[in-house]
Every structure is written in C-alpha cells, then in structure tokens.
Amino acid sequence: MTATAGKREIYEVYNPANPLELVGKIEFNTAEEVIEAIISAEAAFHTWKNYSPVARGEILQKTAELVGKNSKLLAETASREMGKTVAEMEGEIKRGASILRYFAQEGMRAEGEVLPSASETNMLYTKRVPLGVVAAITPWNFPVAIPLWKIAPALVYGNTVVWKPSIQAALTGEILGDIFLQAGLTRAVLSVVQGPGSVLGRILTEAPRIKAITFTGSNAVGENILKSARQGMRLQLELGGKNAAVILADAYLNLAARLTIEGAMKQTGQRCTATSRVYIEEAVYDEVLERLIAEAEKIELGVTMGPVASRNRYEEILAAINLAKKEGATLVYGGGPAQDMGSGYFIEPTIFTDVTHDMAIAREEIFGPVLAVIKVKDYEEALKLVNDTEYGLSASLFTNNLRLAFDFSERCEAGLININNETGGAEPQAPFGGMKKSSFGPREQGQAAKEFFTTVKTITIGTPD
Ligand code: UN1
C-alpha cells in the first residue's frame with residue numbers, strides 16, 4: 001500500500017475475534033501530510049522547549065486523568081481492533097496513567113547538577129536539554145502503554161513528537177492523540193500520523209528534521225530502521241525476546257507454575273517479554289509439568305484469553321506449532337486453532353515437551369501462546385541453555401536458594417532479571433530493555449529515559465573580580 005499524493009487511502013479495521021465485524025476505518029496520511037507534520041513539529045519545538053518543565057508536567061498530569069476517564073472507550077476500542085481482552089486492556093490503561101503521572105513529576109525534578117570547578121571564580125554546571133523532533137513508532141500489542149512510555153518522557157523533557165502507531169492499533173492511537181489535545185497540547189507538539197510502516201517508516205527515518213526515533217516492534221523492522229536511518233539519528237529500538245524461566249526443585253512449585261503460564265499466555269503470548277521456554281530441574285519435572293498443564297486448563301478462550309491480533313499472526317503461530325511437531329517435540333496441551341470460536345483468530349494455549357535446544361521452538365520468537373518445556377539436570381545446565389540465545393530481554397528463576405538467586409542475577413545475560421516473578425511486566429520508575437539482539441540504544445522508562453530524550457550542556461560561568 002502506498003500513500004499517494006493528495007489522496008488518502010482508507011484502511012478498514014476488522015475485529016480479530018470476529019473477522020467479519022468492521023470495527024472502523026482509518027484514513028492513511030499522505031507522504032505530504034507526514035512531512036507537513038514534521039515541519040510543524042519542528043516549528044512548535046522552539047516554543048515547547050521554552051515552556052516551564054513544570055507546565056509540561058501539568059499537561060501530562062491532566063492527560064493521566066483523561067486517560068483514566070476514557071478507560072472504557074480506550075479498552076473497548078483496543079480490544080476490538082487488536083484482540084486483547086477488555087480486562088487486560090484495563091490493566092494496561094491503569095499502567096498508562098501511572099506512566100503519565102511518573103513522567104509528569106519529572107517536570108519538577110533536577111535537570112542537571114552543579115560541579116566543583118578548579119577555578120574559584122567559575123561556576124560549573126550541567127543542564128539537560130531536549131533534542132528537537134522525536135519520532136515514536138509503536139506496536140499493536142500494548143496500544144496504550146508503549147506509546148505513553150515513549151511520548152510522555154519525550155514531551156516532558158521538551159521535545160515535540162511525531163507518533164506513528166501500528167495500523168493494527170490505529171483507532172486506539174486516534175483516541176489517545178485526541179486525549180492529549182484535550183489535555184492542552186497542540187497537534188504540532190504531538191501529531192499522530194497513520195499509515196503502513198513500509199511507507200511512513202521510510203519518511204521518518206530519512207527526515208533531516210527528526211533527531212531521534214524510538215521504536216518497539218519486530219527485529220526485522222528494527223534492523224531496517226537501523227539500516228535506513230539518516231546518519232546521526234539517535235535510535236532506541238526495543239525488539240524481540242526468547243525469554244526463559246528456570247524452575248528449581250526447591251522453588252514454591254505452585255507459584256512457579258502459575259507465573260510461568262501467566263508469563264507465557266497473558267495477552268495470548270504476544271509480549272516481547274513473554275515466557276517462551278521453561279527449564280525444569282529433573283527432580284521435580286513430572287510434578288511441575290502436571291501443574292503447568294493444570295494452570296493452562298484454567299484459561300478460557302474468548303474470556304480470559306483473547307485471539308491473536310491478525311490473520312498473519314494466526315497463520316505464523318500455527319506454522320510454528322506445526323514445525324515443532326515436525327521437529328519431534330511432543331504436544332502435551334492445546335496445539336491448534338480453537339474449536340467453537342467461529343472464524344476468530346483463537347489459538348489454544350499450547351505446551352510442548354521433549355524439546356531439544358536446536359529446535360526452532362527453543363530458539364525463535366513465536367509471539368503467541370506457545371511454551372516449550374525442557375528438562376535439565378541442574379541449575380548450571382539450565383543457566384547455560386538460558387544464555388545460549390541471540391536474545392537477551394528477560395528471564396526468570398524460581399528458587400528459594402539465595403546464593404543461586406544472586407548467581408543468576410550476575411550471570412544471566414538478560415536486561416530484566418526476575419527472581420520468583422514472571423518474565424513480563426515493567427514499572428514506570430525502572431529502566432526497561434534487553435541485551436544482545438533484544439535492544440539497541442539507551443533503556444526506556446525510569447531515569448534512563450532522560451538519557452535518550454535529552455542531551456547535556458556543560459556550562460561554565462566565570463565571575464572574575
Ligand atoms: C510487559 O511485559 O508488560 O512489546 C511489557 C513488548 C514489550 C513490553 C512488555 N516492549 O511486549
């Protein structure tokens with residue numbers, strides 16, 4: 001699809017739970033309109049950056065309130081366009097409001113430090129300053145929280161933003177964009193541009209006026225951004241994962257089984273932090289497997305688990321399941337399209353055992369409700385396999401052994417380490433991101449966000465007699 005000059009293409013959004021239901025229509029922006037949005041964002045930057053950071057924070061605070069007030073509309077729209085359950089969306093929207101409140105407070109925090117100078121007549125200090133126009137390119141799987149954890153810090157530190165939501169979360173994106181306007185922003189400070197990444201991505205990565213791109217999505221698209229980004233562009237890429245959990249014999253096994261299934265199946269497995277492999281110490285293997293299956297049995301398709309987001313995702317996940325069968329893994333739970341769910345893109349929660357480390361299911365990101373279960377002799381064997389991956393986003397260890405908990409925190413090659421916690425989840429005050437192929441550039445959220453969205457001035461003021 002191409003955005004043609006002067007003429008807007010219309011994109012129809014269908015419900016993945018019921019692909020015959022038309023949810024709404026989105027008008028794609030033309031290339032000219034996207035360029036205009038970038039030019040306006042640059043013009044607006046010169047005013048926005050001079051606003052008091054406290055005033056910028058107040059707009060985010062107001063946005064948080066409005067996000068809360070519009071929770072039902074946001075949750076229902078997102079659920080109908082990308083499939084997540086309304087309950088999951090409501091949780092995400094609460095998180096979104098808390099992200100906004102956290103970054104609203106940033107408007108009142110220090111923006112630099114005073115340093116001692118070698119000269120008695122000099123005052124030496126630093127000040128964080130914004131970059132200019134920032135582009136945010138966001139995925140469909142967290143249609144509210146991920147845009148907010150990029151847009152909120154970008155704005156509070158004084159940047160203006162051109163935001164391109166995924167076309168599978170475009171309707172939610174429109175609503176969120178309007179909420180920012182109601183809170184007092186202008187379209188030039190935050191503009192929402194709609195259209196396919198293949199067209200808009202190119203414009204955003206090449207635009208000389210755009211100083212930085214923050215992106216969350218697939219490795220394939222991330223690599224394209226890395227290749228096509230204009231030289232000197234600052235990049236923050238949050239990409240895939242192949243996150244592992246390890247369950248040791250001394251762990252609270254009920255907790256471990258519950259959090260491993262939640263980690264694997266929440267949001268239908270469509271999280272970059274999802275648990276997709278679990279290593280179980282052989283002494284408790286049979287018992288834990290039984291509990292994993294019992295936890296999976298509690299999931300109700302269409303009630304506690306939504307469909308996958310699109311026909312493409314549906315076909316790719318089913319192909320990954322078939323490949324696992326072909327490669328010799330044993331299917332112990334689920335494994336197919338859901339029965340009795342009409343034409344919706346529902347896939348059963350799926351568990352495979354007898355998985356070996358060279359199978360695709362142990363190595364490649366599936367981004368669906370599929371868990372590979374692997375028996376290990378002990379902790380050392382598990383750790384070696386956990387680290388033997390190109391990805392390094394998140395990992396979990398379930399144990400009550402303090403020494404091993406610390407050992408795992410040190411030796412596990414992932415950006416997010418969880419002891420007796422699931423692999424997914426992120427709190428706004430803590431840095432989020434991975435190692436290896438999972439991330440590129442500074443971390444998101446917390447104080448780490450400042451590093452990406454600002455640059456530093458070092459100022460020396462002489463006061464000679
Ligand atoms: C979470 O686990 O709650 O796209 C957050 C993703 C990640 C965010 C995960 N960037 O799934």
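Just so you know, ligand 1 is whichever comes first in the structure, and atom 1 is the first atom listed for that ligand.
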Checking side chain to side chain donor-acceptor pair (under 3.5 Å) for the pair Trp163/Ser191: CA distance, chi angles, key distance, verdict? CA-CA 6 Å; Trp163 170 33; Ser191 55; over 6 Å; no
Hey, which of Val370, Val308, Thr268 is the one that makes side-chain contact (heavy atoms from CB on, under 4.5 Å) with Ile347? Val308
Identified side-chain contact (heavy atoms from CB on, under 4.5 Å) counterpart of Leu171 within the set Ile26, Leu176, Leu74: Ile26
Top protein contact for [atom], by heavy-atom distance:
atom	value
atom 1 (C) of ligand 1	Gly425 N, 3.2 Å
atom 11 (O) of ligand 1	Cys272 N, 2.6 Å
atom 2 (O) of ligand 1	Thr273 OG1, 2.5 Å

Looking at [X], which atoms of ligand 1 are within less than 4.0 Å of one of its heavy atoms?
X	value
Ile146	4 (O), 6 (C), 10 (N)
Phe432	7 (C), 8 (C), 9 (C), 10 (N)
Thr216	4 (O), 10 (N)
Gly424	2 (O)
Asn141	4 (O), 6 (C), 11 (O)

Under 4.0 Å between heavy atoms, the region of Trp149 that gets near ligand 1 turns out to be side chain
If you measure from the Lys or Arg side-chain nitrogens to the Asp or Glu carboxylate oxygens, is any gap between Lys150 and Glu444 under 4.0 Å? yes
Could you tell me whether Glu390 and Lys242 have a side-chain N and a carboxylate O separated by less than 4.0 Å? no
Distance under 6.0 Å and angle within 45° of the ring axis: does Lys384 meet both against Tyr279? no
Taking the six-membered ring where the residue is Trp, are the ring centres of Phe453 and Tyr157 under 6.0 Å apart? no
Looking at ligand 1, is there an atom of it that comes within less than 4.0 Å of some heavy atom belonging to Thr423? no
Min over Gln270, Arg271, Gln267, Arg95 of heavy-atom distance to atom 5 (C) of ligand 1 lands on Arg95
Can you classify the ring geometry of Phe142 versus Trp149 as parallel (below 30°), tilted (30 to 60°) or perpendicular (above 60°)? tilted
